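This report concerns only the one structure given below.
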There are 2 protein chains.
Amino acid sequence: MEHPGWEPRRVVAVEPVLPEGVTPPGTRGRILQEALALFAEAGFAGTSIRQIGSAVGINSATLYAHYPSKEHVLAALVTIGHEEMHARLAEAVERTRQDGPAERLTALVRAHVLIHTDFPLLALVTNGEIHALSPEQAEPALALRHACWQFLLDVVEDGVARGDFAVPDVLLAAGAISAMGVRVPAWFGPDQAFTREQVARDYAEFALRIVGASAPPRS
Amino acid sequence: MEHPGWEPRRVVAVEPVLPEGVTPPGTRGRILQEALALFAEAGFAGTSIRQIGSAVGINSATLYAHYPSKEHVLAALVTIGHEEMHARLAEAVERTRQDGPAERLTALVRAHVLIHTDFPLLALVTNGEIHALSPEQAEPALALRHACWQFLLDVVEDGVARGDFAVPDVLLAAGAISAMGVRVPAWFGPDQAFTREQVARDYAEFALRIVGASAPPRS
DNA sequence: GTCTATATTAGGATAGAC
DNA sequence: GTCTATCCTAATATAGAC
């Protein structure tokens, strides 16, 4: 019961893309990029400092001139991922502040899906390897994560309060909507038939259907 | 944009439950149970053979009297997980073979959700750590996985062909439905407000809404 | 089946030269 | 900033006694 185009690798995407503007210049940035690709494929614990160095083209010891430990490399990636996610969702919330629940939910789900299509490796590492961080290193990211979850919850709750949405349970509905986007990196990639726009449009439609705000024609 | 009750651990559940009847007796079974708990928490690469032995209460060397390698322990778990998943879904498919698409989809989603509520650790390891296996070790499980995916695809396609379902895209709809269940172990656990029945019922309803077969009352 | 002891390799991280 | 060399620990796995 897996996803379209699933294959026996952890990720489909290949290019370790990071958001523009936030990647540090020079070797520091290249370390992040190569670590991202390796962490996404084999996990944090399954990746050695020597592998990262060799992928970057430097000696493993040189890495410590840029980051004090392997964990700090992961922490940098997790921070970037959560900040980009929060920034995009906050923008969607802000842009549709005056609109109704259905428009706001659409914008939020679209943003959520698109960050997973645009940065699949980063999303995977951000969500899946944060547990490898110490509580202190993870805490700021967890705060952003909670804020993102609250964005979604607020919209669904408001839609229900206004009578625009009808769900058996708000938390379960929001969890289902979130799950759709979170799983996107497991199957979305260059060798597959869908465009990012298509996925964003259809998943936004599914979200509306989940909350009972879109009734497609019945036969 | 995470799930209800999410916390900074990889899993919420504690008890490393395995399906009845398939767990080998004695030390072999205890090794599987403890390895399951450890793999779920820290991943395959993040768990050492010494940790497993110490959790079981045996010396790490003794483990090799039962399994030839750490990878074989994981392979046993991945096999159990996929076989249980396939068995439950096949039972749901078989039981509703004479029914319409909506009933069949309901039964399938219910079974999919319930296996994730009943064996959250096993589902997590089965889905998330299979990539750590060699292709030969992973192949039988991948075949079962594909069969499970086909169960879902068949129902959705049949529903569309009969005009009972209306979706913008069959693969994206099936992927969304599958994603809901796959994420359940990330938040479902003993310290949370929902029963397994509640989640199964509501997620089956969401699946029907996704395929356009359930239109809730609008205000 | 289980232990102690150990071989062997790999891993994270540091020291110090250039 | 980058290298070579190295320390130290922990990892998988095996040998052989009981």
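Chain A is the first sequence line, chain B the second, and so forth, proteins listed ahead of strands; every chain is numbered from 1. Given the structure is predicted, the values throughout are model-derived calculations rather than measurements.
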### Task
Scan B:Ser60 against the nucleic acid and name what it touches under 4.0 Å (heavy atoms): base, sugar-phosphate only, or nothing.
nothing
#### Entry: Nearest-nucleotide 5' precedence on DNA chain D, A:His66 against A:Arg50
A:His66
### Query
When the distance from CD1 of B:Ile49 to P of C:dT9 is rounded to whole Å, what number comes out?
19 Å
### Task
Provide, to the nearest angstrom, the distance between the OH atom belonging to B:Tyr67 and the P atom belonging to D:dT14.
17 Å
### Query
Whole-Å distance between D:dT14 C1' and B:Lys70 NZ?
17 Å
### Query
In whole angstroms, how far is the P atom of D:dT4 from the CG atom of A:Asn59?
6 Å
### Query
So, do A:His131 and A:Phe44 have ring centers that fall under 6.0 Å from each other?
no
### Query
Where the side chain of A:Tyr64 is concerned, which of D:dA11, C:dT14, D:dA13 is the nearest nucleotide?
C:dT14
### Summary
side chain to side chain contact (heavy atoms under 4.5 Å, CB included) with B:Arg145: of B:His82, B:Gln150, B:His86, only one passes, and it is B:His82
### Evaluation steps, salt bridge (charged side-chain N to carboxylate O under 4.0 Å, His left out), between B:Arg110 and B:Glu205
CA-CA 10 Å; B:Arg110 278 185 53 83; B:Glu205 166 69 16; over 6 Å; no
### Query
When you measure from the side chain of B:Ile58, which nucleotide among C:dG12, D:dA13, C:dC3 comes out closest?
C:dC3
### Query
Quick one: A:Leu63 CG to C:dT14 P, roughly how many Å, whole number?
12 Å
### Query
Is B:Arg88 salt-bridged to B:Glu91, cutoff N-O under 4.0 Å?
no
#### Entry: Whole angstrom value for the distance that separates P of C:dT2 from CZ of B:Arg30
9 Å
## Note on the structure
Atom CZ of B:Arg28 and atom P of C:dT2 are separated, to the nearest Å, by 12 Å
### Passing option when B:Arg104 is tested against B:Thr96, B:Asp154, B:Asp158 for side-chain hydrogen bond (donor to acceptor under 3.5 Å, both in side chains)
B:Asp158
### Query
Under 4.0 Å between a side-chain N/O of A:Thr62 and OP1 or OP2 of D:dC3, yes or no?
yes
### Task
Look at the side chain of B:Thr27 and decide which nucleotide, out of C:dT2, D:dT2, C:dG11, has an atom nearest to it.
C:dT2
#### Entry: Atom-to-atom span, CZ of B:Phe44 to P of D:dA11 - whole angstrom
13 Å
